[in-house]
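Here is the structure we will look at.
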Amino acid sequence: MSISLWDLYEIGGLPITGRFYDEVIPNTESLNRKDHKGVPYIPHICRYLFLAYHKILQDSKGKSGVRMTAWIKYWYRGPFRYKKSSRKTVRNKSQKPKEDSDPSGIIAAALKRTEEEEGVFEDLGIADEDMDRSYLAAFLACWLCKFVFPKDDITLIRLGVFKVASRMAHGVSFSLAVPVLASIYKGLNDISSADDPENCTTVLPFHYVLGSCGPGAGITSCIVSFQEFSVDRANS
């Protein structure tokens, strides 16, 4: 099995070129810094992400972090489009489920936000001209934590992604494919070198690995390819 930068670009849509990706929590001085033209190095919408995180954490009753479910519920206050996934079961795996939660693939036209949906902007004091970019930055923060760079606890929002998410919302491109590829191969190496690979707890964006197996390959062929990779690594 082999996955390349081109696979991540073609299949995952991740940019190869762009600014260096790093996760850092900016201090107050960094948030206030401006260039010689008076333009902030970090977009001011980044402040709204930190403020939202603080508000959610205050209401989380002593929890150590902000979960993605709480982050999504705070930012999105409209009706849910997709039904809740059914509970997983180990029975009747050979039978096709009666229903699933896959979206249709059709993206409907954007509707005007309701008064309830605009409540989050009022709560954070976001001006009209910053609403769309702030909302996009909140989504990108969730996307980076969950799908692009999952870490040990994939249910939590990480403060370190806010700087990148706010800059991406302003159109700045980051080289995501390179660190994602490094993350994938590190994870595969951890699994192949583990004493008990089946119970290895390492986290990596496996959806890109499965996607690289090709259309119609199926889960089984991907597992076989991964097993061959593990054997090769063990014998090298």
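Remember, predicted model here, so these are calculated numbers, not experimental data. Below, each value reflects all heavy atoms present in this structure, side chains not excepted, and no hydrogens, waters or symmetry copies.
- Here F50 contributes atom CZ and T28 contributes atom OG1; the two are 9.5 Å apart, rounded to the nearest 0.5 Å.
- Side chains of W143 and M168 form a contact here, defined as non-hydrogen atoms less than 4.5 Å apart.
- When every heavy atom of E117 is checked against every heavy atom of K112, the shortest pair comes out as OE1-O, 4.3 Å.
- The shortest side-chain heavy-atom distance between H170 and I45 falls under the 4.5 Å cut-off.
- Under the 3.5 Å distance criterion, with hydrogens and angles disregarded, a donor-acceptor pair is assigned to the side chains of Y74 and D123.
- Counting all heavy atoms, side chain and backbone alike, C142 lies closest to I157 at CA-CD1, 3.9 Å.
- What you find for L124 and W75 is that their closest heavy atoms are CD1-CH2, 3.6 Å.
- Note that the CG atom of L144 and the CG atom of L176 stand 6.5 Å from one another [nearest 0.5 Å].
- V180 and L14 get closest at one heavy-atom pair: CG2-CD1, 3.8 Å.
- Within 6.0 Å of OH in Y9 there are 12 or fewer heavy atoms belonging to other residues, nucleotides or ligands.
- The cationic atom of R158 (NZ for Lys, CZ for Arg) does not lie both less than 6.0 Å from the six-membered ring centre of F162 and within 45° of the ring axis.
- In terms of heavy-atom proximity, A138 sits nearest to W71 at O-NE1, 3.0 Å.
- Atom-to-atom distance recorded for L8:CG and I3:CD1 is 4.5 Å, nearest 0.5 angstrom.
- Residues passing the ring-ring contact (aromatic ring centres under 6.0 Å, His included) test with F149 are Y21, sequence neighbours excluded.
- Residues M68 and T155 fail the side-chain proximity criterion, which asks for heavy atoms closer than 4.5 Å.
- Looking at S175, its side chain does come within 3.5 Å of a backbone N or O of I16 through a donor-acceptor pair.
- Remark: the backbone N or O of D7 is not paired with any side-chain donor or acceptor of Y208 at under 3.5 angstrom.
- Criterion: ILVMFWY side-chain heavy atoms under 4.5 Å apart, direct or through other members. Under it, Y53 and V24 are not part of a common hydrophobic cluster.
- More than 12 heavy atoms of other shown residues, nucleotides or ligands fall within 6.0 angstrom of atom CD in E129.
- The cluster map of Ile, Leu, Val, Met, Phe, Trp and Tyr, joined by side-chain heavy atoms under 4.5 Å apart, puts I126 and L51 in the same cluster.
- Within the 3.5 Å criterion, the main-chain N or O of S134 finds no donor-acceptor partner in the side chain of D130.
- No side-chain heavy atom of H54 sits under 4.5 Å from any side-chain heavy atom of L57.
- The two residues R167 and Y41 have their closest heavy-atom pair at NE-O, 3.8 Å.
- In this structure, the side chains of K146 and I154 come closer than 4.5 Å at one or more pairs of heavy atoms.
- Legend: residues meeting side-chain contact (heavy atoms from CB on, under 4.5 Å) with L156, ordered by chain and number and at least two apart, are R67, D153.
- Within the model, atoms CG of L188 and OG of S183 stand 9.0 Å from one another, a figure rounded to the nearest 0.5 Å.
- We find that D132 and R113 are joined by a salt bridge, their nearest charged nitrogen and carboxylate oxygen being less than 4.0 Å apart.
- The shortest side-chain heavy-atom distance between Y76 and Y135 falls under the 4.5 Å cut-off.
- Tracing side-chain contacts under 4.5 Å through hydrophobic residues (I, L, V, M, F, W, Y), one never reaches L159 starting from L31; they form parts of separate clusters.
- Atoms CD1 and OG, on I42 and S166 in that order, are 7.0 Å from each other to the nearest 0.5 Å.
- By the 4.5 Å heavy-atom criterion applied to side chains, F206 and P150 are not counted as neighbours.
- Heavy atoms from other residues, nucleotides or ligands lying under 6.0 Å from CG of D152 number 12 at most.
- Side-chain contact between I184 and P205 is present, with heavy atoms from C-beta onward closer than 4.5 Å.
- One finds a salt bridge joining K186 and D190 here, because a Lys/Arg side-chain nitrogen approaches an Asp/Glu carboxylate oxygen to under 4.0 Å.
- Distance check: Y185 OH to S192 OG gives 11.5 Å after rounding to the nearest 0.5 Å.
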